[in-house]
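I have placed the structure first, in the form of structure tokens, so that the comments after it can refer back to it.
Any value given below was found using the heavy atoms of this structure, including those in side chains, with hydrogens, waters and symmetry copies removed. In this text, all values refer to a predicted model and were calculated from it rather than measured experimentally. Note on naming: letters A, B, ... go to the chains in the order of the sequence lines (proteins, then strands), and numbering restarts at 1 for each one.
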Amino acid sequence: MPMQHLSLREILRKIMSQHLSEQEIQRRKDLQELIDLGIEPYPAALYPVNATAKEINEQYNDEEKNFQEVCVAGRLMSRRIIGKASFGEIMDASGRIQCYFNRDEICTGDDKTMYNTVYKKLLGIGDFIGVKGHVFKTQTGQTSIHVTELTVLAKSIKPLPVVKVDEEGKVHDGFMNPEQRYRQRYVDLVVNPGVKDIFIKRNIVINTMREFFNAHGYFEAETPVLQPIPGGAAARPFITHHNALDIPLYMRIANELYLKRLIVGGFDGVYEFSRNFRNEGMDRTHNPEFTVMEIYVAYKDYLWMMDFTEEMVEKIALAVHGSTEVKFGDKVLSFKRPFKRVTMLGAIEEHTGHNLAGKSEEEIYEIAKALHVEVDKSMGKGKLIDEIFSEKCEKHYVQPTFIMDYPVEMSPLCKKHRNNPELTERFELMVNGTEMANAYSELNDPIDQRERFEEQLKLMEGGDDEAMFIDQDFLRALEYGMPPTSGMGIGVDRLVMMMTNNTSIQEVLFFPQMRPEKVAEKEGEKKEAEKK
RNA sequence: GACUCGGUAGCUCAGCUGGCAGAGCAUCUCCCUUUUAAGGAGAGGGUCUUGGGUUCGAAUCCCAACCGAGUCACCA
């Protein structure tokens with residue numbers, strides 16, 4: 001319903017029925033006054049922008065007097081009114097540019113309404129405006145637009161937090177409350193410029209990977225998010241229901257089995273940036289939906305994939321930072337190739353002094369006990385080794401390190417090691433004590449794969465609700481034959497955290513999952529109550 | 001899931017040994033034609049997260065709930 005059709009009284013009545021703040025009421029009045037003056041506060045026509053704040057700031061040269069007819073649009077972010085003159089900053093997607101507004105140049109005739117009323121009273125911080133004029137430098141040397149024409153592009157009726165930065169770059173009155181920042185990311189993006197930088201870097205990370213894969217001729221695939229069997233990882237899925245088919249469907253926890261089907265189908269290399277969904281706890285490093293890049297390349301093994309991963313990660317660091325040295329907290333991570341490589345058993349020997357090679361399950365159990373690692377009798381050999389590694393070794397790998405050759409029980413989709421059937425051809429890339437990438441020489445023996453799935457089934461029957469389901473169609477695909485293949489998955493969110501010096505996943509997701517706000521939450525409670 | 005910290009004006013926060021609800025910025029009125037955390041004078045603005053309790057009296061003390069942050073556990 002356009003505002004124009006309501007009288008001021010009607011608008012005020014509407015206002016009173018909502019609880020609006022003083023400033024929100026003021027802005028609604030200003031909006032109505034603009035309309036009364038015949039100014040459309042939300043014009044339909046395009047605005048002929050011909051320059052950006054960044055271009056002007058970087059390229060303006062006082063001597064050449066370039067940018068003599070610019071047309072810039074953006075959000076009004078600050079204002080300093082000095083009587084009949086004024087300075088304000090406009091922020092567009094590229095940054096901020098100062099504008100100089102002079103009463104008699106905006107209003108060349110006797111009618112000074114545009115300056116005195118529209119600009120000074122009815123416009124405010126947060127409004128979108130367009131300005132035309134020429135660029136000059138002020139007495140203090142600040143590049144500015146000397147405005148001759150001002151256009152209202154969109155009125156804002158909610159006051160924006162006013163964040164100020166002083167001469168020393170110190171931020172005053174910052175919009176810092178994390179809850180508000182995540183719930184109202186649009187505001188966060190407007191007033192906290194560093195936030196946008198994180199997402200620009202995220203984009204660089206993703207583009208660098210994509211370009212790297214495409215340069216190798218690999219194919220970007222799209223595979224189902226809704227899956228009848230949630231495969232490819234051990235995790236609790238979200239479940240949903242398809243009405244027409246009347247079947248349950250699961251949100252994908254991984255896309256691995258689908259990409260391998262494509263290798264069966266004859267692609268040499270396939271990759272996908274996969275949004276995965278896991279119905280598990282949330283914390284600083286876990287969001288219910290997250291992004292993993294998975295790639296599968298035929299006729300390769302995990303040793304090749306290690307080289308490939310190294311090259312890719314180094315490229316990413318260079319693309320984001322222009323350097324292989326990346327600051328993270330109080331550490332400097334070096335992504336310069338080659339990364340250190342150690343076997344899992346080697347790592348355990350290095351950090352505990354115990355060589356587990358050839359040891360029986362009982363012996364390893366006793367060693368774990370002696371090391372004060374929490375273990376129980378139900379754990380198999382592989383699980384015991386994994387526990388010892390996570391407890392005693394993981395944290396030591398701050399600089400990028402490949403951990404190779406995991407126990408076979410932990411890796412039901414991975415090919416057995418060519419030299420030792422108790423191990424698999426698997427590596428993880430550890431950085432700052434956490435897993436960043438995970439890769440295999442993929443298991444392509446359909447009989448072995450069936451047996452591994454059956455072992456998972458036993459685990460499931462034993463009460464492990466995260467053991468993998470048997471995917472018969474995937475086994476059928478393998479039976480047709482899959483070439484030797486190496487696959488690698490890398491947590492994009494965690495990689496971005498690493499590259500942007502963030503310890504919270506929420507900082508690298510535009511819209512991290514949050515509990516619904518009050519209104520929605522009350523409705524949810526009602527529904528819960530109805531169920532009971 | 002456990003523990004710790006927090007929720008007060010549009011934003012950032014003070015007030016918390018119980019006694020009229022505060023500051024800066026923002027808003028409104030006035031002055032100011034090169035300012036940049038502009039400046040000067042004045043004014044308005046509050047469901048102190050919610051619900052109980054103690055008390056003559058609660059933003060403040062107690063209990064519970066909600067929301068968030070952090071630490072740990074779980075998960076990967």
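Separating the C1' atom of B/C11 from that of B/G18 is a span of 29 Å, rounded to the nearest Å. Comparing the C1' positions of B/G19 and B/C32 gives a spacing of 44 Å, expressed to the nearest Å. B/U49 sits 37 Å from B/A41 when the C1' atoms are compared, rounded to a whole Å. As rounded to the nearest Å, B/C61 and B/U4 have P atoms that lie 16 Å from one another. Separation of the P atoms belonging to B/A2 and B/C16 is 32 Å when rounded to the nearest angstrom. Going from the P atom of B/A14 to that of B/G52 covers 28 Å, rounded to whole Å.
Between A/Glu63 and A/Lys65 there is no salt bridge, since none of the side-chain N atoms of the basic residue sits less than 4.0 Å from a carboxylate O of the acidic one. Classification of A/Arg252 and A/Glu272 as a salt-bridged pair holds, one side-chain N sitting under 4.0 Å from a carboxylate O. Checked for salt-bridge contact, A/Lys29 and A/Glu33 miss the test: no charged N lies under 4.0 Å from a carboxylate O. A salt bridge does not link A/Arg236 with A/Glu280: none of the charged nitrogens is closer than 4.0 Å to a carboxylate oxygen.
A donor N or O paired with an acceptor N or O is not found under 3.5 Å between the base of B/G68 and the side-chain atoms of A/Glu179. Between the base of B/U35 and the side chain of A/Gln98 there is a donor-acceptor pair shorter than 3.5 Å. At a cut-off of 3.5 angstrom, the base of B/C25 holds no donor-acceptor pair with the side chain of A/His172.
Among residue pairs with one or both ends in residues 125-136 of chain A, those qualifying as side-chain hydrogen bond (donor to acceptor under 3.5 Å, both in side chains) are A/Asp127-A/Lys155; sequence neighbours excluded. Within the structure, ring-ring contact (aromatic ring centres under 6.0 Å, His included) contacts touching residues 62-102 of chain A (residues at least two apart or in different chains) are A/Phe87-A/Tyr100, A/Tyr100-A/Phe136, A/Tyr100-A/His146, A/Phe101-A/Tyr119.
Closest to the side chain of A/Arg183, out of B/U35, B/C67, B/C28, is B/C67. Minimum atom distance to the side chain of A/Asp173 is reached by B/C11, of the listed B/U33, B/C11, B/A69. Closest to the side chain of A/Glu280, out of B/U27, B/C75, B/A38, is B/C75.
Of the side-chain N and O atoms in A/Lys164, one or more sit less than 4.0 angstrom from OP1 or OP2 of B/A38. The side chain of A/Arg515 places no N or O atom within less than 4.0 Å of a non-bridging phosphate oxygen (OP1 or OP2) of B/C66. For B/U71, one of the phosphate oxygens OP1 or OP2 lies less than 4.0 angstrom from a side-chain nitrogen or oxygen of A/Arg284. Between A/Gln180 and B/C11, a side-chain N or O to OP1/OP2 separation shorter than 4.0 Å is present.
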Taking N or O atoms only and anything under 3.5 Å, show me the protein contacts with nucleotides 29-32 of chain B, one pair per line.
| residue | atom | partner | partner atom | Å |
| --- | --- | --- | --- | --- |
| B/C30 | OP2 | A/Lys121 | NZ | 3.1 |
| B/C32 | N3 | A/Gly83 | N | 3.2 |

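Within 4.0 Å of A/Asn438, counting heavy atoms only, lies no atom of the nucleic acid at all.
Evaluation of the salt bridge (Lys or Arg N to Asp or Glu O under 4.0 Å) rule for A/Arg452 yields A/Asp448 as partners, not counting sequence neighbours. Shown here are the ring pair (Phe, Tyr, Trp, His ring centres under 6.0 Å) partners of A/Phe427, two or more places apart in sequence or in another chain: A/Phe402. With sequence neighbours excluded, the residues that form a salt bridge (Lys or Arg N to Asp or Glu O under 4.0 Å) with A/Arg275 are A/Glu289. Judged as a side chain to side chain contact (heavy atoms under 4.5 Å, CB included), and not counting sequence neighbours, the contacts of A/Val165 are A/Val171. The salt bridge (Lys or Arg N to Asp or Glu O under 4.0 Å) test applied to A/Lys415 returns no partner, not counting sequence neighbours. Partners of A/Glu425 by salt bridge (Lys or Arg N to Asp or Glu O under 4.0 Å), not counting sequence neighbours, listed by chain and number: A/Arg418. Among residues two or more places apart in sequence or in another chain, the ring pair (Phe, Tyr, Trp, His ring centres under 6.0 Å) test is passed with A/Phe474 by none.
The pairing partner recorded for B/C28 is B/G42, the criterion being a Watson-Crick or G-U wobble arrangement whose two distances lie under 3.5 angstrom. In this entry B/G1 has B/C72 as its Watson-Crick or G-U wobble partner, both defining distances falling under 3.5 Å.
Only A/Phe136, A/Thr138, A/Gln139, listed by number, bring a heavy atom of residues 127-139 of chain A to less than 4.0 angstrom from any atom of RNA chain B. Listed by residue number, the members of residues 107-119 of chain A with any heavy atom below 4.0 angstrom from RNA chain B form an empty set.
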